[in-house]
Amino acid sequence: MEKRDMIYEGKAKKVYTTDDENLVIVSYKDDATAFNGLKKGTIAGKGAINNQMSNFLMQMLEKNGVPTHFVEQLNERDTVVKRVRIVPLEVIIRNISAGSFSKRYGVEEGIVFDQPTIEFSYKNDELGDPLINDYHALALKLATKEEIETIKKYAFRVDELLKAYFKGLNIDLVDFKLEFGRLPDGTIVLADEISPDTCRFWDSQTHEKLDKDRFRRDLGGVEEAYQEVMRRLGIEK
Ligand code: UDP
């Protein structure tokens with residue numbers, strides 16, 4: 001399968017059409033942004049890592065009953081995925097307090113929750129991805145009631161599966177962001193990516209950060225952290 005026209009260029013990925021109207025090729029870049037694009041940089045090798053890690057995790061989820069957009073990895077950076085219409089919601093699940101949760105509610109990072117939380121942001125860069133609830137999502141016609149129920153069910157299932165998987169690698173899954181899409185027949189599938197760009201990973205023993213917070217907070221060792229998660233997942237580079 002080959003790339004035809006570039007139809008979208010985002011912060012971390014480019015998307016190309018193919019000769020199959022139902023499939024697109026996603027190409028992962030090394031570019032990194034944070035704080036709604038205010039901070040920019042590159043993380044050497046990130047594209048290759050995120051592509052392979054996301055594909056590995058999506059296949060694991062698919063085997064466990066979560067439908068995803070994944071079709072086939074072409075090479076280090078490029079993957080064929082099902083063409084979807086993205087539901088304009090960022091779905092965030094949290095197991096441990098961190099980031100904007102800590103800031104918003106004035107609590108320290110690292111509080112382990114008794115049960116995961118879910119929140120939605122309206123995917124809209126101009127507005128800075130504002131936090132919304134189910135009722136706002138319905139009012140804005142971002143998704144139907146049934147779609148929101150399906151998305152929540154899948155998001156919590158993804159959390160259960162990923163949390164358990166990473167625990168076995170001595171990594172605590174602190175929080176993460178998911179995006180879902182609609183297939184032409186309306187079926188909801190997990191889309192976008194699952195990587196250290198979109199998840200917070202802490203070493204279970206040392207609590208060392210193994211994710212994009214190293215870039216956001218200028219902690220150094222960014223490339224090494226991404227590679228370390230790959231190494232623990234046992235993915236050959
Ligand atoms: N996240 C993301 N994209 C966004 C916002 C958040 O992938 O545009 C991820 C982030 O990496 C973290 C989780 O979602 O794993 C929760 O992020 P949070 O709301 O704490 O925001 P942040 O502190 O990253 O601004």
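When a ligand or atom number is given, it counts from 1 through the structure's own listing order. This chain uses plain numbering: 1 for the first residue, then up along the sequence.
Ring-centre distance between Phe101 and Phe113: below the 6.0 Å cut-off.
At a threshold of 4.5 Å between non-hydrogen side-chain atoms, the residues Leu61 and Arg157 do not count as touching. By the 4.5 Å heavy-atom criterion applied to side chains, Trp202 and Ile96 are counted as neighbours.
For atom 21 (O) of ligand 1, a protein heavy-atom neighbour is found at a distance under 4.0 Å.
The closest approach between a heavy atom of Arg94 and any atom of ligand 1 is below 4.0 Å.
Contact annotation: for Asp197 versus ligand 1, heavy atoms closer than 4.0 Å belong to the backbone alone. Residue Cys199 touches ligand 1 through its backbone alone, judged by heavy-atom distances below 4.0 Å.
Any N or O atom pair closer than 3.5 Å counts here, and Arg200 shares at least one such pair with ligand 1.
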Can Glu193 and Thr198 be said to form a side chain to side chain donor-acceptor pair (under 3.5 Å), step by step? CA-CA 7 Å; Glu193 66 177 286; Thr198 63; 5.1 Å; no
Verdict with reasoning, Asp197 to Tyr226, per side chain to side chain donor-acceptor pair (under 3.5 Å): CA-CA 9 Å; Asp197 272 12; Tyr226 280 60; 2.5 Å; yes
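Remark: minimum distance from atom 12 (C) of ligand 1 to any protein heavy atom is reached at Asp175 OD1, 3.1 Å. Of the protein's non-hydrogen atoms, the one nearest atom 3 (N) of ligand 1 is Lys177 CE, 3.4 Å. With hydrogens left out, the protein atom closest to atom 6 (C) of ligand 1 is Ile92 CD1, 4.3 Å, a heavy atom. Remark: minimum distance from atom 25 (O) of ligand 1 to any protein heavy atom is reached at Ser100 CB, 4.5 Å.
Against a heavy-atom cut-off of under 4.0 Å, Gly99 is close to the following atoms of ligand 1: 20 (O), 23 (O). Taking every heavy atom of Phe176 and a limit of under 4.0 angstrom, the matching atoms of ligand 1 come to 14 (O), 15 (O).
Of all the listed residues (Arg216, Lys212, Arg217), Arg216 holds the heavy atom that lies closest to atom 10 (C) of ligand 1. When Lys11, Glu90, Lys123 are ranked by how near their heavy atoms come to atom 4 (C) of ligand 1, first place goes to Glu90.
One distance of note links CE of Met6 with OG of Ser27; it measures 10.0 Å at 0.5 Å rounding. Taken to the nearest 0.5 Å, the CG atom of Asn170 stands 7.0 Å off from the NZ atom of Lys167.
Not counting sequence neighbours, the partners of Glu228 by the side chain to side chain donor-acceptor pair (under 3.5 Å) test are Arg231, Arg232. For Arg4, the side chain to side chain donor-acceptor pair (under 3.5 Å) criterion is met by no residue, not counting sequence neighbours.
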